[in-house]
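I have placed the structure first, in the form of structure tokens, so that the comments after it can refer back to it.
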Amino acid sequence: MPRLQLIFSLGLLLAVTGSVAADELLVSAAASLTDAFKSIGAEFERAHPGDKVVFNFAASDVLVKQIAEGAPVDIFASADEEAMDKAVKGKLIVATTKFNFAGNRLVLAVPRDSPLRLSKLEDLNANAVRRIAISQPATVPAGRYAKAVLDQGRLWGVLQERFIYTQNVRQTLDYLARGEVDAGFVYATDAALMKEKVRVALEVTTTRPVAYPIAVTTASKNARLAREFIDLVKSGAGQSILQKFGFTKP
Amino acid sequence: MTDALVPLFLTLKIAVTATMIVLFAGVACAYVLGRYSFWGSQIIDAICTLPMVMPPTVLGYYLLVAFGRRGWLGSWLEDSLGIQLIFTWQGAVIASASVAFPLVYRAARASLGGVDHHLENAARVLGAGEAKVFFRVSLPLAWRGVFAGTMLAFARAMGEFGATLMIAGSIPGKTQTISIAIYEAVQAGQDSTANFLVLLTSLVCVCILAASGKLLQRQF
């Protein structure tokens, strides 16, 4: 029995020391940042050998909810200021670290082989457009940007019947790629990822600029390392990665 | 308030329709596979049980690929019958029925298999055709097990979330089931709406289970 206990304690000791050796950052970022941030994460790990960056991608409001309920997140990057404001209101992020690091463009996209020719938003009212994918405005910034534009053009109510609500902007992109919907609102960066399946019909002029804020969380246990990650995002290297994916300057 | 009741009524509609479908389909499959053994019957039995062990999102993906506009079943349905299943409540019924089917199937197989063969043979000796044997002897003796399986299937259909989320589109009044409504309310930070929906759903489920329990009891 004593030998078993010894092996068990040694094993436990090794497990504990193994995890203490390197620092790990948990970054909660908006779904549209998936590819760009994974690339930045790889760059960060190259510059900080031994440290790891783990990502959690979802709709921005969902991420705020998770942090509010105690998720051990170090960095939060959202796709609009409204989600970040929710985080500020809930005292979830360190306001001094908040920084707008990128911009984007909202586009109306259609499946690649679609016969539709849409030149303005009003064209969505045509009989041929039966299903329009839009992310849930209550939880997804992309949905909010789209709704604001449609409200301004007095089209929201008229098109209501045709909306298919998705959980995040990548699900909208997926429905477009599969041809399940006739049109959908995604970011230019998302559409660019699936050029073979999705075509941009027109660029949507949003009522306010599409801005991506990033901040360190108040509950972060690696605040110093988190700030270094944000520094990388702000730096020339980080910005060029973002621009490579189609994000615009903040 | 009435807004919050819409997903509940929609879910009940979907769950009842799905349960009716799987009751007939499950008992029929259980009868055929139990009565006749042919090459491949084991494989079909495994396929019938598969949705029960598969993660719902996997099933949702299969349904999306099969019934989507470009899917092999979906494109045929759209071209020849003009039917679209994705983003409709009928699609949600298919999703719920798929996950609930094994529950009725397995329960029916076990119950029908447990019926005393002597009683069935006695009926045959007395001149009853196979249909009469099934409806007048086998099924009445097996109904308790089938009923239990059906209640489980109904509960599963009401709680279906993963597959529905992938193929439904969360359209209020058409495909936003109670599970999806609760999920979205929580995500949007509308905790009071979520609390109300959860309490309401729990109450409805408890009532249904209590009523079915009473139904089983009364027969004794």
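Chain identifiers are assigned alphabetically (A, B, ...) following the order of the sequence lines, protein sequences preceding nucleic acid strands; residue numbering begins at 1 within each chain.
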Practice task
Kindly indicate whether the side chain of A:Leu159, heavy atoms from C-beta on, has any atom under 4.5 Å from the side chain of A:Phe163.
Solution key: yes
Scan the chain B/chain A interface and emit each donor-acceptor pair under 3.5 angstrom with its distance.
unit_1, atom_1, unit_2, atom_2, d
B:Arg69, N, A:Glu180, OE1, 3.2
B:Arg69, N, A:Glu180, OE2, 2.9
B:Arg69, NH1, A:Gly179, O, 3.3
B:Arg69, NH1, A:Asp182, OD1, 3.2
B:Arg70, NH1, A:Ala177, O, 3.2
B:Arg70, NH2, A:Asp113, OD1, 3.0
B:Arg70, NH2, A:Asp113, OD2, 3.2
B:Gln84, OE1, A:Arg131, NH2, 3.1
B:Ile86, O, A:Arg131, NH2, 2.9
B:Met166, O, A:Tyr175, OH, 2.7
B:Gly169, O, A:Tyr165, N, 3.0
B:Glu184, OE1, A:Gln136, NE2, 2.8
B:Glu184, OE2, A:Gln136, NE2, 3.0
B:Glu184, OE2, A:Gln167, NE2, 2.7
B:Gln187, NE2, A:Gln167, OE1, 3.3
B:Asp191, OD1, A:Lys65, NZ, 3.0
B:Asp191, OD2, A:Lys65, NZ, 3.2

Practice task
Check each atom of A:Val140 against the heavy atoms of chain B and say whether the ones under 4.5 Å are side chain, backbone, both or neither.
Solution key: neither
Problem - Positive for side chain to side chain contact (heavy atoms under 4.5 Å, CB included) with B:Val104, one of B:Ile21, B:Thr19, B:Val22, B:Leu152 - result: B:Val22
Exercise for the section: Can you see which heavy atom on A:Phe76 is nearest to which on A:Ala83, and at what distance? Expected result: CE2-O, 4.2 Å
Problem - Nearest heavy atoms of B:Ile86 and B:Leu63, plus distance in Å - result: CD1-O, 4.3 Å
Exercise for the section: Establish, yes or no, whether a centroid distance under 6.0 Å links the rings of A:Phe55 and A:Phe57. Expected result: yes
Practice task
Sequence neighbours left out, what passes side-chain hydrogen bond (donor to acceptor under 3.5 Å, both in side chains) with B:Ser138? Give chain and number order.
Solution key: B:Glu120
